[in-house]
Every structure is written in C-alpha cells, then in structure tokens.
Amino acid sequence: ALATAGHAQEVGPGAAPPAARSSEPPASSRWFVSLSVAGQSGGPMTDVEAAMRAGAFDQTAPRLTEGYETHPYTSGGDSGWPVLTVGYHLKPRLGLRLQAFPDREFPHVEGYHGPATRPTPGAPADRADLTVTPSIQTFAALASYERFGLRVAAGPSLNRTRLDIDGGGESVREQETRLGLVLEAGGEWPRGTRVMVELWAQYNLVGSLEYGPVP
C-alpha cells in the first residue's frame, strides 16, 4: 500500500526549543490517505457446498474438457482489489481510520443434479446445473493505536453480502446487510514522511446470514 500524509510544518528561527514543543502532530499532518491492494481468504463456500449436498446437487456430471467432475466444487474468485483508507491522528499514538472495500467476489460453487450420462439428442432435459457466487462489500470505522511504526486497530463494519445464483439460464440475485467487527494489525515505514509503504492484515467477523430457498 502507498500512503500520503499531510505536509509537515517546518520550525522557524523563532520557534520554541525542543523541550518546550508539543508532542502532538501539527494539524496539517494529522490527515492521511492510503490506497492499498488487498486479497482475501476464507469465506462462505464451505456452507454453500454443504447446502448443495443437502439439496442433491452433489452428483457426478460429464464435462467436455475435464471428463467427469464430482460436485459440488469451488473455483475462481477475485485475486485483488483496491482499498481506500482515510485517517486522522487524534494524538501521536491514537487515530481514526475509515475504510471502503469494493464489492469483491469469493470463489463460486458449482453443483449438479441429474444422471451421470449426457442426455441423448432430443431427450427431455433431466439434469440441473447450479452456480452460486458469494460476494461482500465492506465499510469500516477503526480506532487505532500506533507505536514504533506498528499499529493495532479495531472497530465496527457494515457489510453487504450477496449471492448471485445461476440455475442454468435463470439468474437470481439476493443480498443482505449485516453489522460486523474488524480487527487489524499493520505498520508503515518510514514514518514522518510524505510518502511511505504500509502493510497490514485484517480479520473480518460477519454475522451469519441465511439465504434461500433457491428456486
């Protein structure tokens, strides 16, 4: 991630000696903006696969390129996306951070119900394909504590979760909004400069959501 801070104020000839200066950062350097590139792991795919097994979408299907494939299986998903952070230093070690994550897709889950042999030409359709793609969009407000270039932060988040459901020609989209919690740890180097490099990791906790039934 690359971050930019406010312009630091220079000390003039008439400034107070170092012992008398305030330890708080000047107002012009309290604001900062960072643009990060992030990835994610985990997600609800295991739950979606379990639901497909319960609904008998766990049968073997012929595929033109891979041969026979056992369902359900998970593949794809976004590999990276931008994250915008706007922050404000309340004190030298305390700050506020507002983050916006764009809508990002988890790997999709594919299921199949029907015979293991491909239907003959002219025969009625007796199989069903199902593809479910989960995604999430997050806005978070974090309170942070920083020291020696390292940071820990925590705060609430607002999460919009979505399922895109493709039933072989008919698409359905369902979405829900739920509060969550974000825990973050990271650091930036070098400190006190106008441009720096920032690395961080987060754990996002989102409450359980129930979708369905799927037509």
Side-chain angles (χ1 to χ4, degrees), residues 1 33-59 61 63 66 69-87 96-114 125 127-144 153-186 198-215:
V33 176
S34 68
L35 181 62
S36 308
V37 176
Q40 69 184 3
S41 63
M45 289 77 69
T46 301
D47 293 331
V48 176
E49 288 187 3
M52 284 191 176
R53 293 188 183 95
F57 276 83
D58 58 348
Q59 300 173 22
R63 300 179 65 84
E66 296 89 351
E69 184 79 31
T70 301
H71 292 76
Y73 66 90
T74 299
S75 63
D78 289 342
S79 58
W81 55 87
V83 180
L84 179 65
T85 302
V86 178
L96 295 176
R97 302 168 66 87
L98 301 178
Q99 289 183 333
F101 293 76
D103 188 43
R104 54 207 190 274
E105 288 187 356
F106 292 96
H108 60 266
V109 182
E110 295 197 22
Y112 170 78
H113 176 83
R127 64 175 183 170
D129 294 296
L130 182 63
T131 301
V132 177
T133 305
S135 62
I136 188 170
Q137 184 178 22
T138 302
F139 299 92
L142 308 178
S144 64
S157 63
L158 183 64
N159 302 275
R160 188 196 68 178
T161 64
R162 190 181 72 200
L163 289 186
D164 288 322
I165 304 163
D166 186 353
E170 180 181 357
S171 297
V172 178
R173 172 173 292 182
E174 298 183 8
Q175 64 183 34
E176 298 283 349
T177 301
R178 181 64 57 89
L179 292 175
L181 176 67
V182 175
L183 304 177
E184 179 180 297
E198 180 183 47
L199 298 175
W200 49 266
Q202 285 187 347
Y203 179 78
N204 287 262
L205 178 64
V206 182
S208 296
L209 292 164
E210 183 175 341
Y211 284 89
V214 175

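Note that these values count all heavy atoms, side chains included, but never hydrogens, waters or copies made by symmetry. Start at 1 with the first residue, then count along the sequence.
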(request) Starting at CZ of Phe139, measure out to CG of Leu98 and round the result to the nearest 0.5 Å. (result) 11.5 Å
(message) To the closest 0.5 Å, what do you measure between CD (Glu176) and CG (Leu209)?
(response) 6.0 Å
(request) Search all heavy atoms of Asn159 against all heavy atoms of Leu179 and return the closest pair with its distance. (result) ND2-C, 4.0 Å
(request) Please check if any side-chain donor atom of Glu110 sits under 3.5 Å from a side-chain acceptor atom of Ser75, or the reverse. (result) no
(message) Please find the pair of heavy atoms, one from Leu96 and one from Ser144, that lie closest to each other, and give the distance.
(response) N-OG, 4.4 Å
(request) Please name the residue in the list Val83, Thr161, Asn204 that meets the side chain to side chain contact (heavy atoms under 4.5 Å, CB included) test with Thr138. (result) Asn204
(request) Nearest 0.5 Å please: distance from the NE2 atom of His71 over to the CG atom of Asp129. (result) 6.5 Å
(message) Could you report the tightest heavy-atom contact between Trp81 and Gly39, atom names first, then the distance?
(response) CH2-C, 3.5 Å
(request) Give the minimum heavy-atom separation between Arg104 and Gln137, together with the two atoms involved. (result) NH1-CA, 3.9 Å
(message) Between Asp103 and Gln175, is the side-chain contact (heavy atoms from CB on, under 4.5 Å) condition met? List the steps.
(response) CA-CA 12 Å; Asp103 188 43; Gln175 64 183 34; over 6 Å; no
(message) Students often mix this up, so state it plainly: with edges at 30° and 60°, are the rings of Phe101 and Trp200 parallel, tilted or perpendicular?
(response) perpendicular
(message) How close do Val109 and Met52 get, counting heavy atoms only, and between which atoms?
(response) O-CE, 3.4 Å
(request) Can you measure from OG (Ser36) to CG (Leu84) and round to the nearest 0.5 angstrom? (result) 8.5 Å
(request) Kindly say whether Arg173 contributes a backbone atom to a donor-acceptor pair with the side chain of Arg162 at under 3.5 angstrom? (result) no
(request) Output all residues satisfying side chain to side chain donor-acceptor pair (under 3.5 Å) with Thr85, sequence neighbours left out; order by chain, then residue number. (result) Gln99
(request) Name all residues meeting the side chain to side chain contact (heavy atoms under 4.5 Å, CB included) criterion together with Ala56; count only those two or more places apart in sequence or in a different chain, and write none if there are none. (result) Gln59, His113
(message) How close do Thr133 and Phe106 get, counting heavy atoms only, and between which atoms?
(response) CG2-O, 4.0 Å
(request) Any chance you could measure Glu105, atom CD, to Asp164, atom CG, to the nearest 0.5 Å? (result) 6.5 Å
